Participant: 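Pasting a structure below so you can have a look.
What you are looking at is a predicted structure, and each value in this text was computed from that prediction instead of being measured. Residue numbers start from 1 in every chain, and the chains themselves are labelled A, B, ... in the order their sequence lines are given, proteins ahead of strands.
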Amino acid sequence: MPSAVIHIAVILAPFLAAPVAGWLGSRRRGSRIVAAVPAALAGYYAYTFSVISRSGPFSVTAAWAPALNLSLAFRFDGLSVLFAVLITAVGTLIVIYAGQYLQRHPDVGRFHAVLFAFMGSMLGLVLSDNVLVLFVFWELTGFTSYLLIGFEHDRPDARRAATQALIVTGCGGLALLAAGILLVDAAGTPRLSELMNAGGLAGHPLYVGIVILVLIAAFTKSAQFPFHFWLPNAMQAPTPVSAYLHSATMVKAGVYLVARMTPILGGASIWTGTITVVATVTMVMGACRALLETDLKRVLAYSTISALGILMLLFGIGSAPAVAAGLAYLIAHACYKGALFLVAGAVEHETGTRDAALLGGLRRTMPRTAIGAALAAGSMAGIPLFAGFIAKEQFYESVRLASLPGVWSGVLVALAVGTSMCLGAAGFIAGIAPFRGGSMITSAPHDAPASLWLGPMVLGGIGVVLGVLPALAARPVGLAAASVTGVVSPVTLVLWHGFNTTLVLSVLTLAGAGGLFALRTRLWRLRWPQAWHAERLYSFTLAALDAVGRRVAPALQSASLRSYVLTVVATAITLVTLALAADGALPSPRRWTPVAVHEGLLAALIGAGALTAAFARSQMAAVLSLGTVGYGVAVLYALLGAPDLAMTQFAVETLTVVIFVLAFYQLRGFGDLSSPLIKTRDAIVAAAAGALVTTLVLFVGASGTTSRLAAYFADAAPRLGHGLNIVNVILVDFRGFDTLGEITVLVTVAIGVRALLLIGRERRP
Amino acid sequence: MTSTILQTATRLLMPLLLLFAVFLLLRGHNQPGGGFVAGLVVASSFVLYAIAFGVDASRRALLVSPATLLGVGLLVAVTSGIPAIIAGQPFMTAQWVEVPVGPAAVAVGTPLGFDVGVFLAVVGVVLTIVFTLAEVSLSEG
């Protein structure tokens with residue numbers, strides 16, 4: 001199916017473009033050229049959206065590993081394409097911005113390449129229709145995020161933050177894999193679209209387990225309490241990364257997962273209840289902490305955590321209005337939070353600081369950046385005529401309608417209003433405060449260049465357009481909501497709902513936000529209680545793992561090759577002997593082939609070589625005796641009709657002798673290393689191993705079952721593999737994947753050997 | 001330690017060994033041989049050269065760094081599996097084309113590319129280990 005291949009090539013286009021982006025990105029103005037890739041993709045997905053709205057969702061599949069029932073299945077429906085448009089559109093602005101922001105950085109090319117790889121991973125994540133493919137892309141976003149947070153890897157802080165994000169979201173990824181496997185087991189298909197049509201899984205014995213695992217994955221990725229701590233630390237990343245991954249796209253993957261799984265897992269109280277509680281704690285905690293920070297990026301990071309809590313809450317409630325509200329909030333948030341991050345980066349780029357307590361008066365020197373910032377802040381605070389206002393109204397409406405027991409309904413509304421107040425104030429701190437008032441920082445001689453203010457201006461502008469004409473967003477939101485709720489119902493987004501309770505709450509929110517903003521310098525003096533830091537849980541877990549490792553590792557890893565060999569051989573002997581004993585009587589050899597004279601001589605030579613090696617008094621004697629054994633075995637292969645094995649054995653023996661001779665320089669003297677007692681023990685183990693292998697070989701020959709493999713391969717190799725040498729056809733064709741694994745191991749070993757030999761030595765040219 | 005006999009013999013043997021390796025590589029599909037053993041033969045020839053003329057001379061004779069061969073070998077091997085994906089089959093399914101050579105036709109397929117990848121990787125692995133070991137040992141010994 002050629003069209004499927006084209007669709008999949010488009011989905012994976014950012015991966016294909018990554019090397020080009022890496023090359024062009026390091027050129028002057030190169031990033032403006034490569035930004036055409038995400039821009040074109042954004043157009044493509046916007047077009048796809050219109051196709052879906054006309055003729056409904058569609059899927060494309062291509063075989064990946066059919067034997068494992070694994071196919072590259074992608075599905076284009078309202079939710080996935082909405083995300084795809086967001087990812088590519090915001091991505092375009094980010095690429096343009098990053099080219100300028102990192103202009104003088106020596107590794108700007110690498111940055112572009114990884115950024116494109118991330119974009120591809122994120123697109124794959126939202127478009128996957130196979131839960132296991134989704135897992136692969138999920139992990140890829142985590143991995144590329146690791147590379148981007150740790151982009152300036154010469155700074156220990158950046159490395160630590162990157163590792164922390166990788167570990168926390170990586171654990172979630174493993175939970176997702178487990179959830180996927182259980183899901184396939186429970187429902188019999190890995191296809192999300194089929195799972196959705198099959199209806200809910202509630203009541204299945206595996207249901208609770210699947211829910212817990214899916215939620216762990218979603219909560220770690222979307223920085224929900226108590227896993228949120230990695231997100232503020234991830235602000236070590238360059239600002240374009242914070243804007244793109246840690247506010248607009250990747251952190252919403254958890255929200256996406258919850259939305260995607262709602263038709264499959266939603267409805268039950270364990271699902272709704274857990275999400276409601278965790279999301280509410282997250283949104284309140286994030287909002288409060290945002291006001292205690294003065295670093296603009298940390299203010300925005302905590303406000304993002306809070307917004308993620310709000311999104312999670314709305315999708316957890318799961319009613320049709322709540323889902324629509326969540327999607328509206330998602331779009332508004334991606335615009336204003338992305339813009340504010342970019343503003344923070346532009347301000348830091350021009351003034352050298354992003355401390356809110358120091359910044360002020362920049363509107364005169366950075367007027368264009370100030371306009372973008374003000375538009376974004378207005379949206380974040382939920383002022384009427386901004387997209388944030390519409391989204392907030394919908395949020396309040398859904399929370400008021402949520403059916404919670406007793407007094408909790410009122411509590412939730414109060415918490416929602418309080419959260420929005422704090423978020424509004426945080427928006428003012430990040431978007432208004434640096435630009436108003438007297439000039440505290442005077443080191444900004446001019447406005448940021450166009451590529452730095454373009455992003456905030458466009459994103460802020462979209463917020464105004466959607467705020468004034470919310471009907472523009474109604475159809476995308478409606479389509480996306482339909483793929484979550486399963487019911488196609490038109491969504492109405494309007495500016496004016498009339499005088500009602502929600503409007504009163506909105507006015508109250510704005511007043512509160514203004515008040516909190518006025519009090520900001522007092523709030524900055526407060527400190528979040530040390531005991532409440534969830535990061536302590538992380539440090540404690542890692543420390544505990546280290547402690548266990550320190551106890552266990554020395555016992556298992558003696559760093560002595562002889563003890564490893566002894567353990568492996570003794571274990572093998574024991575297990576095989578037990579298995580043979582359990583099987584009862586062995587068949588007795590039925591037929592003895594007469595031994596020819598030259599074969600007997602060869603066997604004697606091999607035996608003599610082995611004995612000489614065991615009793616040799618010098619290294620050279622031992623190696624040469626072992627060589628005799630090796631060459632003898634090679635001759636045996638040649639005699640018994642295995643010329644391929646013989647040739648390889650000859651070559652390997654020759655090289656082994658050379659490597660041994662060279663390695664002598666590294667070995668200590670060849671003295672008596674073992675006491676007689678240990679020598680006796682080793683001799684017994686060696687003799688037992690030899691006896692066991694001899695027995696096995698004899699009985700395998702006597703067992704009488706004729707193998708069908710030889711006949712099969714003799715027939716298939718010329719027919720299917722176009723070769724007469726069965727061994728080689730198996731190696732490079734029939735079992736080629738195994739060989740690929742083997743040479744990968746060999747290459748890894750070679751790198752490892754080189755690294756170990758060169759540790760502590762000057763690097764050679 | 002330089003030995004004129006060894007050096008002269010090496011000069012004569014080296015081209016023969018390399019030619020023999022190519023022979024092994026190409027005929028491996030129908031007769032004993034293949035990428036793995038061909039790689040070992042090439043590696044052995046460069047080890048022989050290193051014994052006769054020194055590791056530095058052997059590195060120069062190899063033209064590329066053994067580490068490069070590691071990467072290129074793996075890359076070639078992986079790339080040989082991609083045509084199958086384009087043809088809509090699982091990764092690494094062999095693809096064959098009949099190439100007319102005179103009156104006969106020779107089947108050329110992706111497994112040949114894979115075998116070349118194995119060959120390069122094996123040369124890289126052996127020479128990375130032997131050269132590094134030799135440099136470290138001889139500089140201290």
Participant: Quick one: which residues of residues 731-751 of chain A reach chain B at under 4.5 angstrom, heavy atoms only?
Facilitator: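 At a heavy-atom separation under 4.5 Å, chain B is reached by Leu731(A), Val732(A), Asp733(A), Gly736(A), Phe737(A), Thr739(A), Leu740(A), Ile743(A), Thr744(A), Leu746(A), Val747(A), Ala750(A), Ile751(A).
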Participant: Sequence neighbours left out, what passes side-chain contact (heavy atoms from CB on, under 4.5 Å) with Ile726(A)? Give chain and number order.
Facilitator: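 Checked Ile726(A) against side-chain contact (heavy atoms from CB on, under 4.5 Å); matches are Phe713(A), Ala714(A), Ala717(A), Ile730(A).
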Participant: Heavy atoms, side chains only, cut-off 4.5 Å: are Val130(B) and Leu662(A) in contact?
Facilitator: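 Yes, close enough: below the 4.5 Å cut-off.
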Participant: Flag the one option from Val118(B), Thr110(B), Val125(B), Thr128(B) with the top tally of heavy-atom pairs under 4.5 Å to chain A.
Facilitator: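 Top count of heavy-atom pairs under 4.5 Å with chain A: Val125(B).
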Participant: Which answer fits Val47(B), side chain, backbone, both or neither, if we ask what part of it has an atom under 4.5 Å from a heavy atom of chain A?
Facilitator: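 For Val47(B), side-chain heavy atoms alone lie under 4.5 Å from chain A.
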Participant: Select one option (side chain, backbone, both, neither) describing which atoms of Val652(A) are under 4.5 Å from chain B's heavy atoms.
Facilitator: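 Interface part for Val652(A): both.
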Participant: In terms of heavy-atom proximity below 4.5 Å to chain A, should Val126(B) be classed as side chain, backbone, both, or neither?
Facilitator: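 Contact with chain A: side chain only.
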Participant: Give a yes or no on whether Phe53(B) atom CZ has more than 12 heavy-atom contacts from other residues, nucleotides or ligands under 6.0 Å away.
Facilitator: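 Yes, CZ of Phe53(B) has more than 12 neighbouring heavy atoms, counting only those of other groups under 6.0 Å.
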Participant: Under 3.5 Å, side chain of Thr648(A) to main-chain N/O of Val37(B), donor-acceptor pair present?
Facilitator: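 No, the answer is negative, given that no donor and acceptor are paired below the 3.5 Å cut-off.
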Participant: Is it true that, when you exclude Ile5(B) itself, more than 12 heavy atoms of the residues, nucleotides or ligands shown sit nearer than 6.0 Å to its CD1?
Facilitator: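 No, because the 6.0 Å sphere around CD1 of Ile5(B) holds 12 heavy atoms or fewer from other groups.
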Participant: What part of Leu655(A) gets closer than 4.5 Å to chain B, counting heavy atoms only: side chain, backbone, both or neither?
Facilitator: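 When you check distances to chain B, only side chain atoms of Leu655(A) fall under 4.5 Å.
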Participant: Against chain A, work out which of Gly33(B), Ala67(B), Ser65(B) has the most heavy-atom pairs shorter than 4.5 Å and name it.
Facilitator: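 Among Gly33(B), Ala67(B), Ser65(B), the one with the most close pairs to chain A is Gly33(B).
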Participant: Could you give the distance from CG (Leu40(B)) to CD (Glu653(A)), rounded to the nearest 0.5 Å?
Facilitator: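 Between atom CG of Leu40(B) and atom CD of Glu653(A) there are 11.5 Å.
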Participant: Taking Asn728(A) for its side chain and Pro32(B) for its backbone only, find out whether a donor-acceptor pair lies under 3.5 Å.
Facilitator: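 No, because the side chain of Asn728(A) does not come within donor-acceptor range (under 3.5 Å) of the backbone of Pro32(B).
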Participant: At a heavy-atom separation under 4.5 Å, does Val658(A) approach chain B through its side chain, its backbone, both, or neither?
Facilitator: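 Contact with chain B is through the side chain of Val658(A) alone.
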Participant: If I measure from the heavy atoms of chain A, does Leu24(B) come under 4.5 Å with its side chain, its backbone, both, or neither?
Facilitator: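 Only the side chain of Leu24(B) comes within 4.5 Å of chain A.
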Participant: Are Arg754(A) and Thr132(B) linked by a side-chain donor-acceptor pair shorter than 3.5 Å?
Facilitator: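 There is such a pair between these side chains.
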